[in-house]
Amino acid sequence: MSASRPFQVDLRSVVDLLSRHIYSSPQVFLRELLQNGRDAIRARADDHPDAPAGLIEIVPAEDGRAFRFRDNGAGLTADEAAELLSTVGRSSKRDELLQVRRESFLGQFGIGLLSCFMVADRITVISRSASGAPAIEWVGDATGEFRVRELDEAATAELPIGTEVVLVPRPDEASLLARGRVTGLAERFGGYLPVRVTVANADGSRDQVTRRAVFLDPDATDEELDELGSEMLGREPLDVIPLSVAETGTTGVAFVLPFSAPPGMRQPSTVYLGRMLVSDQLDRLLPPWAFFVRAVIDTESLTPTASRESFVEDVSLEITRERLGEALRAWIIRLSRDEPWRFQEFLSVHQMALKAMAVHDDDLARAVLPWLTLETSRGTHTVDELTTSGGELRYVETVDEFRQIAAVAAEDAPVINAGYSYDADLLRRLPALTGARVTRVRVDDLLDELSPPPLDDLDAVRALEQRARTALAETRADVIVRAFSPKSVPGLCVADPETIKRRELDEAKGQASDSLWGDVLDDVGAILDSRRRDEARTLGIRLCLNWSNPLVRQIASIDDGLVFDRTTKLVYVQSLLSSHRPLTAADRAMLTDALGDMVALSAGVTNGIDVFGTEGER
């Protein structure tokens, strides 16, 4: 006989804590059972070297039968069952038997078995200890009580050494304990356990769910690793990189993605602790720049969080992350040095990742810089081609600036587009790494470098600039005239990033539906204006008319002020569009008015029509 005793916790609160705040899903009950079973088997092997090979058997709950989980581990005595299965706050069974200290909050608590209360209202544990003590039956209820009793000698003799957990699922969780779900969960959580795990079928046969851990096997073939990589990535990986961190007992492989990943988006790693799955979506194990690989590893020493679905950010994890990063870097350097043809294949897919790494790693940067490419006004070139030319490397920091000026940058002084991720940071580090001369330039600086018109045309040019400024007074655009190639381009509209931001703010303010948002935009605009005053620069767009273009010369000769005004506005809007500038509401209105007038004029519709805003007939 055994009297019922209460759990030494508020059981309902603990189960609520497990289900709502610690475990991500009730399905982790099977992971906890697998963990307990694996540890019990390991404990028995440590104490009894002649113990049989480890075995875990799972019988799903179907056709009214209970769910059963059996292991042939060390088993429990009555005192151990009462102490370890019923008290939260003491060391768990695994800690007692293996003397493993667990540092994480709640990780020291004996909550593994209690997770079963998320799927069942009663837990029955039948266990026979390898110590020779009588077998026991432990029954815990969700009501908050448990009872434990020792079985007689005959009943003990009929039981194998080990432990059986019996669960009658609640109706709302019955599907979770059925064969299909149980098999899938066993394969996911315990597929690589170093003990044999089987799931019973309805006909009494058993399916083994554990399999060979190819990623941990030093004798695994390239074909086997590629097959695993294809399973994880959906396509065959570009390469497989072995990983090993001796300090934390961490081993595995990293699969190089055969497709490019978004920069800064960490790839999820699949991580096992003692071959038990921790997570297949862990994105903090590898360095942030390693978004070109997906890793699968097993570790022995990293500290799991309370949920066992991640790891505590401690020194061990930091060391592991650093060592894994070193292994990836060493692979890249070796590949660039010894297998340049394969490195080119890797580079064509993951150049962004290499740039991210090179920004922070001098040794890697020196190894891969010659291969990295940058977009210039003369086309795409490698860093090696740009630095060996001997000239100064000039760059603009935004794609927007580059689009404005690329078409007219001098052939012998190309401009680099550093508007893509990591390009500007990489260029700023080139002087220290290669000795190259590197200078950031602004679009208005480049505009001033364009050739002035011939001296013989100076009076006509000054008159054109003054008349064009007057015509565009409402836009606040400055106008200059230069001669540049290609001749087919009548004009360029350029604006530095501060000007572009100010125009966008003005446009947003015009569309703001409430005064609060308008006030916020006013504050931001004031900051931009103050910054411009501090830098002694005028806010606005600069229209650079091309004196080499026949249309511009023809405009300069127009005597009719109204025709000149409309034509200049059309060239201004065309230049905005050619420079990839979005039109504001005012720009669109100006375009509509000018086009309407010019179309009417070209069609000869002038009698009685105020085409240019004047009365009478032209």
Side-chain angles (χ1 to χ4, degrees), residues 25-42 44-45 51-73 75 112-113 115-116 118-120 123-127 159-170 173-217 219-221 223-225 227-232 234 270-280 296 298 308:
S25 167
Q27 68 185 19
V28 300
F29 87 95
L30 188 58
R31 184 194 67 192
E32 294 297 321
L33 291 178
L34 287 167
Q35 181 71 67
N36 289 343
R38 184 256 193 189
D39 290 343
I41 290 170
R42 180 177 170 184
R44 183 180 179 185
L55 175 63
I56 292 175
E57 298 174 312
I58 304 173
V59 180
E62 289 186 335
D63 300 327
R65 294 191 298 270
F67 171 91
R68 295 179 180 274
F69 183 97
R70 306 186 185 106
D71 69 67
N72 63 346
L113 190 71
S115 65
C116 294
M118 292 192 293
V119 297
I123 303 173
T124 301
V125 177
I126 301 170
S127 185
L159 294 175
I161 293 175
T163 300
E164 179 180 55
V165 179
V166 183
L167 305 175
V168 177
R170 288 196 301 270
E173 300 292 353
S175 62
L176 197 59
L177 281 73
R179 178 173 291 103
R181 294 292 300 279
V182 165
T183 301
L185 292 175
E187 290 176 343
R188 178 168 180 258
F189 290 125
Y192 293 123
L193 283 175
V195 300
R196 186 166 176 253
V197 179
T198 65
V199 176
N201 295 312
D203 60 4
S205 63
R206 298 183 179 279
D207 294 330
Q208 180 169 325
V209 299
T210 41
R211 57 195 183 277
R212 175 173 162 234
V214 172
F215 63 97
L216 300 177
D217 190 346
D219 296 325
T221 65
E223 291 75 15
E224 289 173 326
L225 290 171
E227 183 178 353
L228 177 61
S230 299
E231 180 183 328
M232 293 184 63
T270 300
V271 186
Y272 297 83
L273 176 61
R275 299 204 182 188
M276 173 69 66
L277 179 69
V278 173
S279 175
D280 52 11
V296 52
D298 179 67
R308 301 189 199 175

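Checking side-chain atoms of S127 against main-chain N and O of G162 turns up a donor-acceptor pair under 3.5 Å. In this structure, the side chain of D298 engages the main chain of R275 through a donor-acceptor pair within 3.5 Å. For N201 (side chain) and D203 (main-chain N/O), no donor-acceptor pair under 3.5 Å exists by modelled atom type. E62 places a side-chain N or O within 3.5 Å of a backbone atom of R179 that can act as its donor or acceptor partner. Using a distance-only test at 3.5 Å, with no hydrogens or angles considered, a donor-acceptor pair links the side chain of R38 to the main chain of G274. R44 places a side-chain N or O within 3.5 Å of a backbone atom of N72 that can act as its donor or acceptor partner. In this structure, E173 contributes its side chain and R170 its backbone to no donor-acceptor pair below 3.5 Å.
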**OP:** Report the C-alpha distance between F29 and L176 in whole Å, list the side-chain angles of each, state the deciding distance to 0.1 Å, and finish with yes or no for side-chain contact (heavy atoms from CB on, under 4.5 Å).
**Re:** CA-CA 10 Å; F29 87 95; L176 197 59; 4.2 Å; yes
**OP:** Determine, stepwise, if the pair R188 / L277 fulfils side-chain contact (heavy atoms from CB on, under 4.5 Å).
**Re:** CA-CA 7 Å; R188 178 168 180 258; L277 179 69; 3.6 Å; yes
**OP:** Decide yes or no on side-chain contact (heavy atoms from CB on, under 4.5 Å) for T270 and M232, but give the supporting numbers first.
**Re:** CA-CA 9 Å; T270 300; M232 293 184 63; 3.7 Å; yes
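The two residues I161 and G73 make their nearest non-hydrogen contact at CG2-O, 3.4 Å. The shortest heavy-atom contact between C116 and L33 is SG-CD2, 3.8 Å. Considering every non-hydrogen atom in both M118 and V28, the closest pair reads CE-CG2, 3.9 Å. The two atoms that bring A186 and V199 nearest to each other are CB-CG2, 4.4 Å, heavy atoms only. Considering every non-hydrogen atom in both L55 and T198, the closest pair reads CD1-CG2, 4.5 Å. Of all non-hydrogen atoms in V209 and T183, the two that sit nearest each other are CG1-CG2, 4.3 Å.
Expressed to the nearest 0.5 Å, how far CG of L30 lies from OG of S115 amounts to 9.5 Å. Taking CG from D207 and CD from E187, the interatomic distance works out to 8.5 Å, rounded to the nearest 0.5 Å. Here the straight-line distance linking atom CG of L228 with atom CZ of R212 works out to 10.5 Å at 0.5 Å rounding.
F67 has its side chain within reach of I58: a pair of non-hydrogen atoms, C-beta onward, lies under 4.5 Å apart. A 4.5 Å side-chain heavy-atom check between R211 and Y192 finds at least one atom pair inside the cut-off. At least one side-chain heavy atom of L34 sits under 4.5 Å from a side-chain heavy atom of M276. Counting only heavy atoms from C-beta outward, the side chains of F189 and Q27 approach each other to under 4.5 Å. When side chains are defined from C-beta on, R308 counts as touching Q35, because their heavy atoms get closer than 4.5 Å. Using a 4.5 Å heavy-atom threshold, the side chains of V59 and R70 count as touching.
E32 and N36 form no side-chain donor-acceptor contact under 3.5 Å, judged by distance and modelled atom types alone.
Results of the side chain to side chain contact (heavy atoms under 4.5 Å, CB included) test with V195 over D71, T210, I56 single out I56 as the only residue that passes.
Between F215 and Y272, a ring centre-to-centre spacing shorter than 6.0 Å is recorded.
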